[in-house]
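Shown next, in structure tokens, is the structure this report addresses.
The chains referred to below are lettered A, B, ... by the order of the sequence lines, with proteins before strands, and numbering in each begins at 1. Values below: every heavy atom of this structure, side chains too, minus hydrogens, waters and symmetry copies.
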2 protein chains.
Amino acid sequence: MQIGELARSTGVKIETIRYYEREHLLPLPQRTEGNYRLYSPRHVEQLRFIRYCRSLDMSLEEVRLLIEARDAPAGSCLTVNALLDEKIAEVDARVNELHKLQDQLRQLRGLCRQPDQGEICGILAELNRCTESRKPVV
Amino acid sequence: MQIGELARSTGVKIETIRYYEREHLLPLPQRTEGNYRLYSPRHVEQLRFIRYCRSLDMSLEEVRLLIEARDAPAGSCLTVNALLDEKIAEVDARVNELHKLQDQLRQLRGLCRQPDQGEICGILAELNRCTESRKPVV
DNA sequence: TGAAAAGCCTGAAGTGGCTTCAGGGTCAAG
DNA sequence: CTTGACCCTGAAGCCACTTCAGGCTTTTCA
């Protein structure tokens, strides 16, 4: 299976596949006489593994850890649990941040409901106000 | 006011200030005889403006737009409103994604509550399962 | 048979929003 | 006069890719 077919069957771009190879996340494939990469079902699995982990917001470094753990499963539970716990905490924190951001954005948006009436837009006024060392209303 | 004081009084790193200058987000400051940057209160305001926008998750490109709008406020309401609406939609979408991710991560984490019992960790088993072309349980 | 089109190759540079590093120059205090 | 705090520049590093330039291989079709 050539790189194009691997790309189609996994939905991963060719360039990304080559990038993973350079990063040693995918084992080196065989080559044809014309120097084309030749992939095995093993590669398909590994690529899917990487993409599933990435869809869970893991960094490539974390994916590397998980691949190690997967290839030597004994005793790796603690590592994997710790990784997931950390990730869950990160995502929780990020969601909280974004909720606050949503409030701020909506309040700011509320300062100018009408299209331009000639006077200065309430949003710009507020953004400007925040450049002085007073606290934002929003 | 030298760059160090500007940095202290705004909480922005010196390197970041120089970076904003390179990116034309901050006007070029005067220089002393010894080639040190000299900032005015105008620069302090502008830098605060940038950081406030950044705290609202605006990209530097968007900040550039807002600076333009701020400096020519007439008729800029529509631009500013559109930018905010887009930003609000983006953040909403991201929050939804993260909520789904949280569910996934927590379910995955639930597959291995105990430290290593010798058998293969349920999490790794599930991650592996997802490398085959079946749908994930989680 | 021959040429175009589709597919593949490599290495380097670009993305955003900074941060870090190497290798200096300037200036006030002791 | 030297130490140390402060400042300067230009280049490279970070992440996870993406894009680009320039060229090779294989297939397809006239």
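Residue B:Arg37 places at least one side-chain N or O closer than 4.0 Å to OP1 or OP2 of D:dC8.
Rounded to an integer number of Å, the gap from B:Gln30 CD to D:dC8 P is 14 Å. Note: CZ (A:Arg31) to P (D:dT25) measures 13 Å, nearest angstrom. Atom C1' of nucleotide C:dG17 and atom CG of B:Asp57 are separated by 12 Å, given to the nearest angstrom. If you measure from atom CG of A:Leu6 to atom C1' of C:dG7, you get 15 Å, rounded to the nearest angstrom. What separates CD of A:Glu23 from P of D:dC17 is a distance of 10 Å, to the nearest Å. Rounded to whole Å, the distance from CD1 on A:Ile3 to C1' on D:dT25 is 15 Å. Here the C1' atom of nucleotide D:dC6 and the OH atom of B:Tyr39 are 14 Å apart, to the nearest Å. In this structure, CD of A:Glu5 is placed 18 Å from P of C:dA6, rounded to the nearest angstrom.
A side-chain donor-acceptor contact under 3.5 Å links B:Gln102 and B:His99.
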**Request:** Scan nucleotides 18-30 of chain C nucleotide by nucleotide, 5' to 3', and note B when protein non-hydrogen atoms come under 4.0 Å of the base, S if they reach only the sugar-phosphate, - if neither.
**Result:** BSB----BBS---
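The residue B:Gln2 sits close only to the backbone: its heavy atoms come under 4.0 Å of sugar-phosphate atoms, none of a base.
Transitive grouping of hydrophobic side chains (ILVMFWY, heavy atoms separated by less than 4.5 Å) keeps B:Tyr36 and B:Ile17 in distinct clusters.
Ion pairing between A:Lys100 and A:Glu97 fails under the 4.0 Å rule for side-chain N and carboxylate O. Between B:Glu45 and B:Arg48 no salt bridge is recorded (no basic side-chain N to carboxylate O distance below 4.0 Å). Ion pair A:Glu5/A:Arg8 not flagged as a salt bridge, since none of the NZ, NE, NH1 or NH2 atoms sits closer than 4.0 Å to an Asp/Glu carboxylate oxygen.
Taking both residues in full, the closest heavy atoms of A:Ile14 and A:Gly4 are given as CD1-CA, 4.1 Å, listed atom of the first, atom of the second, then distance.
Listed nucleotides C:dT10, C:dC8, C:dG17 differ in distance to B:Ser59; the shortest reach to its side chain belongs to C:dG17.
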**Request:** Determine, step by step, whether B:Arg64 and B:Glu61 satisfy the salt bridge (charged side-chain N to carboxylate O under 4.0 Å, His left out) criterion, reporting the C-alpha distance in whole Å, the side-chain angles of both residues, the deciding distance to 0.1 Å, and the verdict.
**Result:** CA-CA 5 Å; B:Arg64 248 184 284 267; B:Glu61 199 43 52; 3.2 Å; yes
